[in-house]
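The analysis underlying the following values was restricted to heavy atoms, covering all of them including side chains, and did not include hydrogens, waters or symmetry mates. In the text below, chain A, chain B and the rest are named by the order of the sequence lines, each starting its count at 1.
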Protein chains: 2
Amino acid sequence: MNRLCTLTAPKGRPREFDLDEALAGALRVFWRNGYEGASMAELTAEMGITKPSLYAAFGNKEALFHKALDLYEREKLAYMTSALDAPTARAVAERLLRGALQMQMSTCDPKGCLSVISSVACSAEAEPIKAEVAKRRASSEAALMKRFDEAKAAGEFPDGLESHALMRYLFAIMQGLSIQAGSGATCTELNQLVETSLSVWPTK
Amino acid sequence: MNRLCTLTAPKGRPREFDLDEALAGALRVFWRNGYEGASMAELTAEMGITKPSLYAAFGNKEALFHKALDLYEREKLAYMTSALDAPTARAVAERLLRGALQMQMSTCDPKGCLSVISSVACSAEAEPIKAEVAKRRASSEAALMKRFDEAKAAGEFPDGLESHALMRYLFAIMQGLSIQAGSGATCTELNQLVETSLSVWPTK
DNA sequence: TACCCTATATACCGAACGGTATGAATAGGC
DNA sequence: GCCTATTCATACCGTTCGGTATATAGGGTA
């Protein structure tokens with residue numbers, strides 16, 4: 001009995017749906033409705049599978065959310081990591097803001113940011129969800145702060161402006177952007193927000 | 001039968017709880033948990049009354065939320081209207097940011113902003129809630145924009161900076177502030193956010 | 001063909017949801 | 001004292017929640 005064969009030959013009845021497609025459907029529902037607002041009924045409907053299939057493939061609702069959040073960060077927040085490659089702190093900020101804007105202007109995706117939505121939605125049951133999102137956000141914040149530390153060392157910031165303060169400021173704008181996008185702001189308005197933020201970006 | 005007497009002499013059995021205190025309790029629950037996350041059980045527990053009393057006095061959950069939102073705006077967002085009296089746009093922004101900061105630093109109130117929480121929480125049932133919050137926010141935005149229009153007419157803004165763009169920018173920062181406050185940011189961090197925002201505020 | 005393993009579909013679980021019917025308690029008006 | 005009007009407390013309504021038991025269907029292996 002060769003163990004390696006199990007990769008190409010799964011034993012029992014094969015599943016009739018695509019894992020990735022189903023997960024993408026789950027992501028859409030969580031994105032539209034938040035963790036608590038997403039019911040198993042709506043999830044299964046959008047994923048095109050039944051509840052037992054969902055539980056067998058993904059565990060439970062919380063585990064499914066984690067996997068959907070992974071997909072979200074991998075596919076929708078990719079611009080956040082790539083933005084760090086920009087040559088200056090201002091260019092990083094510009095890439096981040098324009099990336100966030102472009103994502104919110106997508107006509108096929110739900111509005112707002114899944115991370116922001118999930119960190120705000122807050123009944124008692126969703127406490128571990130908030131904690132998980134907070135952990136991931138802290139990681140993003142640390143990455144941006146490290147990049148801004150380099151910028152500060154390179155003398156890009158005015159005196160008295162600390163990198164962590166500027167990081168926090170930039171995140172606040174992006175969070176505000178996603179709030180306003182989720183509340184029905186137009187693309188023009190969101191673009192104005194980005195342009196204004198860039199026009200006041202501090203230079204030495 | 002004098003109609004006016006009904007004001008001082010309500011006929012039936014008098015209620016045994018204080019309307020304002022009960023509403024304040026409801027506000028706390030909505031603030032902590034959002035509209036959907038606030039269950040009738042938790043509401044009645046915090047308000048110190050039973051469900052039939054709640055329905056008799058406030059209508060239903062949605063009507064109770066509206067009244068709690070009224071109380072919230074009246075007591076907790078008072079700084080937003082008074083800030084408009086400041087002499088310059090920058091002073092208005094400073095009052096708004098410091099007012100928001102001070103509110104988030106209160107140790108007895110929940111963290112975050114009820115309006116932001118309610119505009120994000122989003123199952124299907126909460127759609128009218130979102131609409132109501134959006135309407136009220138639009139009113140606040142209009143008030144701030146009018147004030148910034150005056151500032152622009154007074155020549156306070158750099159060329160090319162429109163008042164509505166700056167209004168949207170300032171709101172974004174305040175929304176980001178409340179998001180970060182609700183996610184466990186420290187007072188020091190929130191203060192840094194406010195100071196940074198003020199330090200980059202555009203002047204002519 | 002017989003067997004094993006896994007996915008499927010249906011029907012169901014206890015708990016919690018928002019909301020209410022009902023009857024006892026408590027006040028004013030006559 | 002009696003009627004009316006309103007509140008209070010309990011128990012209950014139908015629905016939906018997340019999650020599962022059960023039985024059938026379908027593919028690999030021998």
Item to complete: Run through K76(B), Q104(B), R28(B) and flag the one making a side-chain hydrogen bond (donor to acceptor under 3.5 Å, both in side chains) with D109(B).
Response: K76(B)
Worksheet, complete the sentence: Among the nucleotides dT8(C), dG19(C), dT7(D), whichever has the atom closest to the side chain of P52(A) is dT8(C)
Item to complete: Compare the minimum distances between each of dG19(D), dC17(C), dG18(C) and the side chain of N60(A), then state the nucleotide with the smallest one.
Response: dG19(D)
Worksheet item: Could you state the interatomic distance from OG (S119(A)) to CZ (R136(A)), rounded to the nearest 0.5 Å?
Response: 13.0 Å
Item to complete: Can you measure from CG (L177(B)) to SG (C113(B)) and round to the nearest 0.5 angstrom?
Response: 9.5 Å
Worksheet item: With nearest nucleotides of DNA chain C determined for E125(B) and I49(A) from heavy-atom distances, which residue corresponds to the more 5′ nucleotide?
Response: I49(A)
Fill in: Upstream residue (5' side of DNA chain C) when R15(A) and Y35(B) are each assigned their closest nucleotide
R15(A)
Taking atom [atom2] of [N] as reference, at what distance in whole Å does atom [atom1] of [X] sit?
X: L54(B); N: dC17(C); atom1: CG; atom2: P; result: 14 Å
X: N33(A); N: dG18(D); atom1: CG; atom2: P; result: 11 Å
X: E36(A); N: dA16(C); atom1: CD; atom2: C1'; result: 14 Å
X: M47(A); N: dA9(C); atom1: CE; atom2: P; result: 14 Å
X: L43(B); N: dG19(C); atom1: CG; atom2: P; result: 11 Å
X: M40(A); N: dT15(D); atom1: CE; atom2: C1'; result: 18 Å
X: I129(B); N: dG18(C); atom1: CD1; atom2: P; result: 12 Å

Discussion item. Is the phosphate of dT8(C) approached by T50(A) (side-chain N or O, under 4.0 Å from OP1 or OP2)?
Written reply: no
Worksheet item: Are S53(A) and dT8(C) close enough that a side-chain N or O sits under 4.0 Å from OP1 or OP2?
Response: yes
Item to complete: For the residue pair R137(B) and S115(B), confirm or rule out a side-chain donor-acceptor distance under 3.5 Å.
Response: no
Can you pull every protein N or O that's under 3.5 Å from an N or O on nucleotides 23-26 of chain D?
| residue | atom | partner | partner atom | Å |
| --- | --- | --- | --- | --- |
| dA25(D) | N3 | R13(A) | NH1 | 2.9 |
| dG26(D) | N2 | R13(A) | N | 3.1 |

Item to complete: Start with the C-alpha gap between R168(B) and T196(A), add the side-chain angles, then the distance that decides, and say whether side chain to side chain donor-acceptor pair (under 3.5 Å) holds.
Response: CA-CA 9 Å; R168(B) 198 156 287 281; T196(A) 303; over 6 Å; no
Fill in: Distance-only donor-acceptor test, K61(A) side-chain atoms vs dG18(D) base atoms, 3.5 Å
no
Practice prompt. Using the closest heavy atom to pick a nucleotide of DNA chain D for each, name whichever of F17(B) or K51(A) lands nearer the 5' end.
Written response: F17(B)
Worksheet item: Under 30°, 30 to 60°, or over 60°: which ring-plane class applies to Y72(A) and W31(A), parallel, tilted or perpendicular?
Response: perpendicular
Worksheet entry | Lys NZ or Arg CZ of K61(B) over Y35(B) ring: under 6.0 Å, within 45° | yes
